[in-house]
**Student:** 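Dropping a structure here in structure tokens format, bear with me for questions.
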Amino acid sequence: MISNLLKRLLSSGQRQAFFIGAGAFFTGVLLLAMVSIVMLIAARGGGYFWPKEVQRVEYISPQGQARVVFGQIESEYQQEDTRVYWLYYSDAASPFAHQSLIEESWMQSARPAKNAARIALKDGRVMLAEPVSVMLPDDAPVSILRLDAVRDKVATIEQRIAELRENVLSDIHLQLTELDSRQVSDAAPARARLNQAFDKWHAQVLALESQRDSYRMQVRLADGYETTLPLNTLYSIDYTSRLSFAEKLTVAVKRVGRFLSESPKQANTAGGVFPALFGTVLMVFLMTIIVAPFGVMAAVYLNEYAADTTLTSVIRICVSNMAGVPSIVYGVFGLGFFIYGVGGSLDALFFRDTLPAPTMGTPGVFWAALTMAILTLPVVIVATEEGLRNVPQDLKAGSYALGATKAETVWHTILPMASPGIMTGVILAIARAAGEVAPLMLVGAVKFAPNLPIDGEFPYLHLERQFMHLGVLIYDGAFHSQTDAKSASMMFAACLLLLVVVFILNILAVLLRSRLRRRYEKR
Amino acid sequence: MLTLFDHEYLDLDNLSDDLTAIRVENLSLQFGTKHVLENISMRVPKNRVTAFIGQSGCGKSTLISAFNRMNDLNPHCRYQGQIFIGQRDITHKKQNVSELRTQVGMVFQRPNPFPMSIYDNVCYGLKLQGIKVRRQLDDAVESALKDAALWKEVKDRLFDSAAILSGGQQQRLVIARALALKPDILLLDEPTSALDPLTTLYIEELIAELKSRCTIIIVTHNMQQAARVSDYTAFLHQGRLIEYSDSDTLFTTPQQKQTEDYITGRYG
Ligand SMILES: Nc1ncnc2c1ncn2[C@@H]1O[C@H](COP(=O)(O)OP(=O)(O)O)[C@@H](O)[C@H]1O
Ligand SMILES: [Mg+2]
């Protein structure tokens, strides 16, 4: 009906223009939507690193109490006809920074507080306060200007404690365990001597620790409340209101560095994302190592070896359809088949003595990589087959005519010529695997993993360990984000990082592919 | 025995075994249900150039592909009869086709260098034979390229991609690639039909030189070319061998009506 109407109203040329115009319009809208999503993520994610000024904010709470706090405005938005701020602030009731929503109408004043700083602790907590003085062990306050010198002193004490713990105490402990293993009696003089030494050194360590803890920084909140923070718990002190643009940029870059290199703190709402970044890249890497050879072998078999029968057509159709199966189904498959099936059987065969506690039959990075490899296998097979079909027949004939067997022809001529197609498949597989979350949560990705899958402990690569993943981190953060502007920002930063990771992996693969193309497709 | 003067022709029907490169006995060949070759028997003389002529689709390519069993690549191909090279029946099931193809080289219509360097192209077959010693490969590459009259043009850019060579150079590279394996027989399937006349002349000269090294079989559409380069010519028509004799006779006084029609251009 509509097409009839169009036919009557418009000439054929006009109709064409209409459809082209409509196509262009919708493509434009889609592009715009994509660009704005990326811009939003870039802005919010980037904003996470930008140091926000510590302000002295005065406001009247809905209960009518006048409050004055040091705070940072984390984000702001319009709610109906009032402006609402997420304020991240410290006050006497809870000195460590927390957040709440403040309406503009409550606000009395907000101006940069030059003397207040953002004081971050090593455990991820933050206090927005004015450093007042430094307290020495004898409770004598000295000027805050001597902070750095005193912190150096604390650092030396800290180092001494670490030395004693790592060398002396653990050595004595080792000797004691050895006595235990030789079943030396409790009353033996050697044991008594060691115990005595342990007590002596341990007492010294405790003394040093209490000395260390008595070096403190006195801070004052906006409402006059004062408290002290042990110097050794301090991580960074930024007077963000004093910073020039360039200095802010330096801080931001430093924060990006920490974000990339440090572990999460405070249940993934602060700190860095290194384990998740590492886990994501490792999983994708393992997946690629698994999927590339299997996908290529399958495609070579289908295209070069298998006879053209109904069976191969059916297999081809199945492979293409597998690409459309929802990813969670692969997750369930991985859990049921790899973890409970294969892993469980391995446990029953080789790790019988530790049962019922599973060794292999538990989610881990290897099972996750294997599951993702199954998930991306169809993509690799289809793209590789496409590449194989494009290998010119006369080159194959040339290879056979020189006495090459089928396998030699595949290896020396067909696969190199098809390598751009193979790379296309791998690129698609990487892009898909890096972005998946749902199946991973079933087969090994967790919100928090105590150890990386690679460390200095034999056998260095622990493929059975659970791992953290950027996508899971984002998923987790999204749940906090409704009540927590801070973790929402971190979530955006993690999104941005995930985009960057996928982008880099893709760029690398595309570069490799264009190299291969130049080499093998220009004839 | 091989020092006969060029104008003295061998008796093809009663060629002795030591002068025979290939002996075909009652060869018939089908692709699926289509009969392509019908009961062909012939002897191809050693160290001579033998041309196969005939209309497009008459089975020339199929026949010479039977000599190195390239037809095996087509799963629908069936054949009866025997082909002897030396004392061996190469149609035998137990014949090692890879080994056969190193002894019977083949060059196709369209130059098909591999997307590798010139050097690697020439080495391809040698490396498959397990030759890895660099010096040995270097020597083989040099002598093969010299045999194919390409050495002078490429000796300074052996490691450049073969794709940058001209069509004629590529075809000579492909010939060098086959010669590197020191084949007894070289099959050329319309080797110049994709090349310009001057390059064609160059390849024809090359063929004349190669005659001393190996037996050459050339398929061609161009009757002048057959007359110029070949000592013997076989005319095929619809899968049958119609006439086979020395080229002088065949082109000047053909015995069969069909041959005469073809060479005088009444068809094809
Ligand atoms: N792969 C194939 N499958 C079926 N028929 C083929 C195939 N290749 C060639 N033929 C047929 O075999 C006949 C001979 O082909 P060919 O030997 O290539 O001819 P020529 O080289 O003399 O032009 C032709 O009729 C062609 O249609
Ligand atoms: Mg042909």
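Convention: sequence-line order gives letters A, B, ...; per-chain numbering from 1.
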**Student:** Side chain from CB out, backbone as N, CA, C, O: work out which of these in B:L128 comes under 4.5 Å of a heavy atom of chain A, or both, or neither.
**Tutor:**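 Both backbone and side chain.
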**Student:** Checking heavy atoms, do the side chain of B:M70, its backbone, both or neither come under 4.5 Å from chain A?
**Tutor:**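 Side chain only.
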**Student:** For a 4.5 angstrom cut-off between non-hydrogen side-chain atoms, does A:T288 reach A:I430?
**Tutor:**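 Yes, their side chains come closer than 4.5 Å.
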**Student:** Can you give me the closest heavy-atom contact between B:T215 and B:P45, atom names plus distance?
**Tutor:**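 Scanning both residues, the minimum pair turns out to be CG2-O, 3.3 Å.
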**Student:** Hey, mind stepping through B:E142 and B:K155 against salt bridge (charged side-chain N to carboxylate O under 4.0 Å, His left out) and telling me if it holds?
**Tutor:** CA-CA 8 Å; B:E142 180 171 345; B:K155 65 169 186 278; over 6 Å; no
**Student:** Quick check on A:A397 against chain B: is it the side chain, the backbone, both or neither that has a heavy atom closer than 4.5 Å?
**Tutor:**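 Interface part for A:A397: both.
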**Student:** So among B:V44, B:I90, B:N68, which one has a side-chain contact (heavy atoms from CB on, under 4.5 Å) with B:I85?
**Tutor:**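 When side-chain contact (heavy atoms from CB on, under 4.5 Å) is applied between B:I85 and each of B:V44, B:I90, B:N68, only B:I90 qualifies.
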**Student:** Taking A:M283 as the fixed residue, which of A:F366, A:F467, A:F278 is the one that meets the side-chain contact (heavy atoms from CB on, under 4.5 Å) rule?
**Tutor:**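 For A:M283, the side-chain contact (heavy atoms from CB on, under 4.5 Å) test succeeds with only one of A:F366, A:F467, A:F278, which is A:F467.
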**Student:** Contact part of B:R69 toward chain A, heavy-atom cut-off under 4.5 Å: side chain, backbone, both or neither?
**Tutor:**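 Contact with chain A is absent: no heavy atom of B:R69 under 4.5 Å.
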**Student:** Using a 4.5 angstrom heavy-atom cutoff, name the option from B:Q103, B:M106, B:R177, B:K127 with the most pairs to chain A.
**Tutor:**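 Top option by heavy-atom pairs under 4.5 Å: B:R177.
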